[in-house]
Structure formats: structure tokens, C-alpha cells
Chemist: 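For reference, the structure I am asking about is given below.
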Amino acid sequence: MLAKHKNLKLFRYYHSQKNPKINPLRHLLCNPFCTTTESPELPSWIKSPDTQNSDEDFVIPSLASWVENYKLHDPTRLASEKSDTDIDRVCKTLKKNRFPSPDEVVQALNGCCVSASNGLVKQILRRFSNDWVPALGLFTWAKTQTGYRHTPEIYNSMVDILGKFKKFDLMWGLVREMNDLNDGYVTLATMSRVMRRLARGSKYDEAVEAFRGLDKFGVEKDAMAMNLLMDALAKEKSAEHAYELFREFNGCVPLSAGTFNVLIHGWCKARKLEDAEKTMDEMRKHGFVPDVVSYTCFIEHYCHEKDFRKVDEILKEMQDKGCKPNVVTYTIVMHALGKAKQINAALEVYAKMKSDGCLPDTSFYSSLIFILSKAGRIRDANEIFEDMKKQGVMPDVLTYNTMISSACAHSQEENALKLLQKMEEDSCKPNFKTYAPLLKMCCKKKRMKVLNFLLSHMFKNDVSIDVGTYALLVRGLCRSGKLELACSFFQEMVAKGMVPMDATYKMLMEELNQNSMAKAKEQIEQLMSQAKARECV
DNA sequence: ATAGGGTTAG
């Protein structure tokens, strides 16, 4: 019992930022000012019968002060010092309740005594990009503030967030509102988000409709707009729709090599090689010469099929036609060979690239580091990581993600955290992919202290937890027998309007079943049907 | 946002 209590206490910081109403477990265990005399009681449905989950301590002296730094940002402490910034205050208000609709958010913010500014709105929209109700609430509230005006960029972010959650009616409403402002608020950037989100939501016809109606919003139906939509469709594995669009507007809109390359890419990704080749012929008929991008699409396809003989054929063809491979081409081939466990062949590509005088870039180095790590050559990977900086190529978020993921895969916990620290020193902003391997490692090794630290690190870096990350947490915690926490993350995920994946749900249910946690099972079942019902609306 | 960004777990 003691051990369990200790575990949960470690989550104090993270929990204190969460909604107590929604999550009684967290509230009860994590409120440091809790003065009730009763011992903090878990909601009965979340109680677990097993008590033998002891966490392993994980203390690295050299990282201690860094980790401490994050603890100092405990908002409960800040609250008592009354030194909150406006942004912190708004965040707290937004998180205090699980608002049922944006209107309630507006009401809550009205009593908040904060003044709206573009900077504040921009940052909060970023923090709540995975939580559309508070985002839209804040957005609506800000509009009512005297002297405040949304920038077009802020409008575009809001359009994007609504599209991400498939709130297409609200999204369109916002676009019309922008149009009514009559200040050129609706641009191709706006409509590009609209079309991409519609395509992502499998609403292909509506995406095409949006393109047809571009002039209604004062946006020109030019080649760039068409290429954007075709790209959006092609990326969603709907090369057919992209091609239809091409046929419909062929003649109305000026074509470019890019138009054909988007189509070729779409066909290659959809593994429709014949169609890709036909499009390449069509490209020639229109007077365009296939370029390095066109050929690279085919190379990528054959790499995916691990047909390296074909890859060589295309490389040969390029050579004959005087079309030189570039760093992207080389990266694709090297990466594929490395993934296919042909590490030596992959390194030959590196040598060939060098002898061709083609300079490696950050993405190339990231790939090289990735395949070396995958081949177990950690020291070589580390050497390349150091060398790239000497060559004047700076690591970016992908490079760091690769290094961190590799360190985690090899159970180098200390190294992984040091890399995260290094990233911070380099002012390289982490994203959710940075944290995924770290979180997974913590769940697996039951490093609850570090998990807690990582969650606060994410929050501070405006990385919100997405569906995939929640799934990872629930899965990982289930495997480590931390069912209460798994349940509470599941609950939080549903409360944020996300629909858990079936696999996640099944795994949690099975674990609960095995541990005879009938009450919890019932609750999770209810949450799941709630989430599904909401999705259908 | 015309091509490169690691399925996956034991």
C-alpha cells in the first residue's frame, strides 16, 4: 500500500495541472494543500487489487539540477506566490473544467481579468491544438475584447484545429466569417488547410468542391492552388481523385512540371506503377522533361519494394539522360538499404554520394545515424552525430529524435535524457515524436519519476498529448501493471474528445478483467461507447 | 506542402 501511495505522489506535478472534476483520483492524491483528515481515497472503480508495483529509482547526479528545474515550475507553488503570467492564468482556467462547449469557456474567461493579445492567443492555440473546445472558446472570447483583433495567421490556426477534429461545419463557418471581414483574410494558406483537412477526413468531394469555390473567397484558382489540392489528395492515398481533378482542370489552369510530379508521387505511393508511368509519358507529351523529382518518386517506390535491382536501373537511366541524383535521392536509397539490413551497401551509397560531390544535409545525416543505430553500430552513430556538427550541418529535431530513439532502444536511459537536455541547450524544439520513445521506456522500466518529469517537460514545450501518445501510455502502463494510471489516461483522452483505438481499449479491458477490476471495467466500457457515440455525431 | 521523416513487440 505504501509503495502504491508513493508512486502516485510522484505524479503530483502533472496531476495538479489536470482537471480535478474529471479526474478525482488525481485531485485527491495530488493536491498538496489537501487538508481533509480522511486518507485520500481512490474512486472505487479505479482501485486495483495488486500492490506490488514498486518503482525503481532512477537518479543521475549530473541531471539532477536540470530535473529539479522542471519541478520548480510546479504551478501549485507558483499559485501561492501569485507570480503567474497571463498565459499561465488562462491555461489554468482552461484546464480547470472540462468545458462542454466553447460558450462555457468564454464565460469562464470573462471572469479571468486577462487582456487578450495576439501573442497570448497564438501560444494558447498551440498548447491546445489537441483540445478544440478550449481553443475555440479562447478564440471566441478574444474577439469580444475591445481593441483586440485576430491576425489572419491566428484565424488560419483555428481553422486548422477545427479541421483536425473534423468539425467541418464550424470550420466553414470560420472561413465565411473571415471572408466577411473583407480584408483579404482568406488566402490560399487558409484554403490549403481547409482542403488538406477535408482530404485527411476522407471528404474528397468536399475538398474538390472547396477548390471549385475558391473564387468565392477571392482566392485565385491557379496552378499553385490546384497542385496543393492534388498533393493533399495524393498524400491521402487518393491519387485517383487527384487525377480526376487534373483532367477536369487541364486547360483551365496552367500546368507545370510540379503538377505531373505530384501525380507521379501519388501513383507511386499508391503502388500504381502503370499509372505513374502513364503520367510520366503525359508529362513528356506536354513538353516537360522528367526531372530528378520524377525519377526519385520511382526510386522511392522500388526501395519500398526492396527491389534494388530496379533502383539501379533507374539510377542508370538517370545517368544516361544526364539527370543527376541529389541528396534526397541518395538518402532514400541509403535509408532503404540500411532498413533492409544491407548496411555495407548503404554505406557504399554514402561513399558514392561523396565522390559525386553531393553534400549531405541534416536529413541525410539523420538517416545515416538511424541505419547505423539499427545495425547496432551505436558508436559509429555517435561519431557521425559529432562529425556532422564539425561539417557545419546542425542537427535538427529529427536528428535528435533519431538519437534519442536509438538510446532508448538500447536502454541507455541516461544518454537519452542527456540528449533531451542537449536539445534544449541547442534551442531545438522537441515534438511528440521526441517524447514517445522516452515515455515508452519509462513505462516499461517503471520509472515513474522520470515519466512525471517528461510529462511536465512536454507541457512546458507546448507539446500536447495526442491520440498516439495516449495509446502508448495506456499500453505501456498496462504492461507494467499500473492499471490505475492507465485508466486515468484513458479517461483523460476521452474527455479531450479523442476516440481510443480499439486495440488500446481491448488491452485495457483485458488487463482489468484479469485483475478482477469489475467497476473500472464498467467505467472504461462506458467511456468508450461515449467516445464512439460522439464520433458519429 | 513537388521527392527523403524508422510500423511492430517479444
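Letters go in sequence order (proteins before strands), and every chain restarts at 1.
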Chemist: What is the distance, rounded to the nearest whole Å, between atom CE of A:Met334 and atom P of B:dG5?
Modeler: 12 Å

Chemist: Would you please indicate yes or no on a ring centroid separation below 6.0 angstrom for A:Tyr155 and A:Phe139?
Modeler: yes

Chemist: I need the CG-C1' distance between A:Asn261 and B:dA1, as an integer number of Å.
Modeler: 14 Å

Chemist: Check whether NZ of the Lys or CZ of the Arg A:Arg447 lies under 6.0 Å from the centre of the six-membered ring of A:Phe453 and within 45 degrees of that ring's axis.
Modeler: no

Chemist: Check whether any side-chain heavy atom of A:Pro430 lies under 4.5 Å from a side-chain heavy atom of A:Tyr435, and answer yes or no.
Modeler: yes

Chemist: Please confirm whether the shortest side-chain N or O distance from A:Arg479 to OP1 or OP2 of B:dG10 is below 4.0 Å.
Modeler: yes

Chemist: Side-chain contact test, heavy atoms from C-beta onward, threshold under 4.5 Å: evaluate it for A:Phe385 versus A:Tyr400 and give yes or no.
Modeler: yes

Chemist: NA contact type, A:Phe260, heavy-atom cut-off 4.0 Å: base, sugar-phosphate, or nothing?
Modeler: nothing

Chemist: Is there a side-chain polar atom (N or O) of A:Arg475 under 4.0 Å from OP1 or OP2 of B:dA9?
Modeler: yes

Chemist: Does A:Met283 reach the side chain of A:Ile264, with side-chain heavy atoms less than 4.5 Å apart?
Modeler: yes

Chemist: Over how many whole Å does the gap from A:Met501 atom CE to B:dT8 atom P extend?
Modeler: 10 Å

Chemist: Distance check: side-chain N/O of A:Lys339 vs OP1/OP2 of B:dT7, anything under 4.0 Å?
Modeler: yes

Chemist: Rounding to a whole Å, what distance do you find between A:Lys374:NZ and B:dG5:P?
Modeler: 15 Å

Chemist: Measure CG/A:Asp396 against C1'/B:dG4 and give the value in whole Å, please.
Modeler: 12 Å

Chemist: With rounding to whole Å, what would you report as the distance between B:dA1 and B:dG5 at their C1' atoms?
Modeler: 14 Å

Chemist: For a quick check of understanding: with a heavy-atom distance under 4.0 Å over all strands, which category does A:Leu398 fall into, base, sugar-phosphate or nothing?
Modeler: base

Chemist: Rounded to whole Å, please give me the gap between NE2 in A:His304 and P in B:dG4.
Modeler: 12 Å

Chemist: Mind checking if A:Thr402 touches a base, just sugar-phosphate, or nothing, with heavy atoms under 4.0 Å?
Modeler: base

Chemist: Which is true for A:Ser405 with a 4.0 Å heavy-atom rule: it touches a base, it touches only sugar-phosphate, or it touches nothing?
Modeler: base

Chemist: Within the structure shown, what part of the strands sits under 4.0 Å from A:Asn401 by heavy-atom distance: base, sugar-phosphate, or nothing?
Modeler: base

Chemist: Between the base of B:dG4 and the side chain of A:Asp361, is there any donor-acceptor pair under 3.5 Å?
Modeler: yes

Chemist: Can you tell me the distance, in whole Å, between the NE2 atom of A:His265 and the C1' atom of B:dT2?
Modeler: 9 Å

Chemist: Could you tell me whether A:Lys235 contacts a base, only the sugar-phosphate backbone, or nothing, with contacts defined as non-hydrogen atoms closer than 4.0 Å?
Modeler: sugar-phosphate

Chemist: Check whether any side-chain N or O of A:Lys440 sits under 4.0 Å from OP1 or OP2 of B:dT8, and answer yes or no.
Modeler: no

Chemist: Mind calculating the distance between OH (A:Tyr302) and P (B:dG4) to the nearest angstrom?
Modeler: 17 Å

Chemist: Does any donor-acceptor pair link the side chain of A:Asn326 with the base of B:dA3 at a separation under 3.5 Å?
Modeler: yes

Chemist: Tell me whether the OP1 or OP2 atom of B:dA3 has a side-chain N or O from A:His301 closer than 4.0 Å.
Modeler: no

Chemist: Does a donor on one side chain sit under 3.5 Å from an acceptor on the other, for A:Thr469 and A:Asp466?
Modeler: yes

